[in-house]
Amino acid sequence: MQPDKPQRATHNATSDNKTWSGRFSEPVADLVKHYSASVGFDQRLAEFDIQGSLAHARMLHACGVLSAEDLADIERGLGQISEEIAGGVFQWSVEQEDVHLNIEHRLTELVGDAGKRLHTGRSRNDQVATDIRLYLRHAIDEILRLLRSFQTNLLDLAEQHVDTLMPGFTHLQVAQPVSFAHHLMAYYEMTLRDAQRFIECRARVNLLPLGAAALAGTTFPIDREAVARELGFDGVCQNSLDAVSDRDFAIEFCADAALLMTHLSRLSEELILWMNPRFGFVRLADRFCTGSSIMPQKKNPDVPELVRGKTGRVNGNLVSLLTLMKAQPLAYNKDNQEDKEPLFDSVDTVVTSLRIYADLLNGIEVDRDAMRAAAEEGFATATDLADYLVRKGLPFREAHEAVARAVRLAADKGVELADLSVEELREFSSLIDEDAPAQLSLDGALAARSHVGGTAAQQVKRAIKAARESLSG
Ligand code: ARG
């Protein structure tokens with residue numbers, strides 16, 4: 001999926017683009033040529049462009065528009081071009097503007113007139129829309145694969161920590177104890193929705209624009225369904241103007257990518273905090289950390305920081321594409337050439353971030369004692385004591401008030417709730433009995449939250465098992 005480094009397109013000042021310059025009386029200004037060329041970045045679409053051209057040519061032949069000889073020439077020529085590109089010897093040229101014209105130009109060099117007939121009943125407008133959809137479908141499939149291995153590794157880690165206790169936070173203040181596994185499983189849920197979003201997006205991506213030609217369709221007796229079948233599309237775009245002009249499918253992908261990165265940025269932020277010695281909850285394997293060039297003692301969480309930082313770029317790509325599309329009149333406008341770089345950047349960033357994260361999860365070392373010690377500070381079981389009073393008949397608001405006053409006493413004395421004696425606790429409510437201190441145990445608090453979605457070990461184990469089943473299904 002990772003593109004090879006784009007090759008530099010060469011520039012030849014004397015040759016002009018003959019593909020569309022017939023009605024022009026002077027050559028295009030040099031600066032304009034470079035300004036309007038997209039070959040520097042759209043060459044990444046080459047393999048999809050060739051697939052699309054082959055399907056188009058085969059359909060033209062089947063419909064009686066292209067001879068068997070021309071088709072054979074086109075197939076042979078495109079086959080050679082494909083090898084030239086894969087071998088890194090294809091000569092990309094700015095004169096030929098974009099990936100489509102570069103390939104068509106080379107095809108004509110190789111096979112003559114048959115190459116000039118390929119574009120019958122087609123326009124670069126429906127061609128590029130097709131290429132992007134093929135590319136994006138491929139990218140989504142890879143992202144879904146990577147998401148699955150990220151989730152598998154997340155489950156592996158969670159499985160080891162069903163009984164590892166940590167403070168759950170609200171407002172980044174100790175709130176109630178949770179298991180580390182339960183905390184990790186929250187990220188499973190987030191990335192599950194991310195995967196669902198990509199799957200839904202894929203269904204809207206996987207429709208064929210070809211046949212729309214420039215904007216209105218074509219006068220040739222084409223068979224769009226045949227092309228769709230050959231290219232593995234689920235169907236054809238139903239309106240030619242819409243097919244060539246809208247990029248909502250790419251915008252939707254960028255939104256899904258932004259949400260996924262946003263989720264990864266949250267996990268990253270937590271890892272950064274947890275790695276801080278004040279927390280000391282986790283250590284990351286050295287291969288994910290870097291040192292400082294001046295401070296010898298440093299080990300920095302660069303990878304999570306970069307994921308957090310790159311999320312900004314991916315969010316920006318979404319806004320770029322929304323702004324690109326806003327108020328564009330129908331149908332195709334050259335503005336749309338600007339869709340590619342943000343889209344490619346979002347794909348690359350998500351792919352590399354997921355790849356690195358899957359491995360990073362394997363390299364997380366957990367300090368169970370530090371996690372438990374943090375949960376022991378901050379009155380994490382105060383709610384449990386209030387719930388106890390409610391079970392004894394006190395309205396919750398009054399129970400809350402009674403325990404809040406007990407917390408104040410403990411805080412004043414610089415101790416935890418569990419350090420107060422039953423007599424001291426009884427000051428705040430006569431309903432407090434000898435069984436009250438048991439309510440204050442962290443493990444008890446964990447086990448007591450045993451319902452779907454709760455942090456009790458039994459529930460978390462069930463959630464992990466269900467997740468495993470859905471991943472392997
Ligand atoms: N390079 C162009 C793009 O990316 C291809 C379509 C050009 N169409 C045109 N009418 N100029 O959008």
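Counting starts at 1 for both ligands and their atoms, following the listed order. When a residue number appears, it is its place in the shown sequence, counting from 1.
For atom 11 (N) of ligand 1, the nearest non-hydrogen atom of the protein is Arg124 NH2, 3.6 Å. Among all non-hydrogen protein atoms, the one lying nearest atom 10 (N) of ligand 1 is Asn125 OD1, 3.2 Å. Of all protein heavy atoms, the one closest to atom 6 (C) of ligand 1 is Tyr332 OH, 3.4 Å. Nearest non-hydrogen protein atom to atom 5 (C) of ligand 1 is Asp98 OD2, 3.5 Å. Scanning the protein heavy atoms around atom 1 (N) of ligand 1, the nearest turns out to be Gln337 OE1, 2.8 Å.
Of all atoms in ligand 1, numbered sequentially from 1 with element shown, those under 4.0 Å from a heavy atom of Ser38 are 1 (N).
Under the side-chain contact (heavy atoms from CB on, under 4.5 Å) rule, Phe253 has a single partner from Asn317, Leu321, Leu343, which is Leu343. Each of Arg133, Arg137, Arg202 was evaluated against Phe249; a single residue qualifies, Arg133, per the side-chain contact (heavy atoms from CB on, under 4.5 Å) test.
Side chain of Arg224 to main chain of Leu210: a donor-acceptor pair is present (N/O by atom type, distance under 3.5 Å, no hydrogens or angles).
Within 6.0 Å of the CG atom in Leu241, the count of heavy atoms belonging to other residues, nucleotides or ligands exceeds 12.
Aromatic ring pairs are classed by plane angle as parallel below 30°, tilted from 30° to 60° and perpendicular above 60°; the pair Trp92 and Phe90 is tilted. Ring geometry for Tyr135 against Phe48 counts as perpendicular: the plane angle is over 60°, on a 0 to 90° scale with 30° as the lower cut.
For a threshold of 3.5 Å applied to N or O pairs, the pair formed by Lys340 and ligand 1 contains at least one separation below that value.
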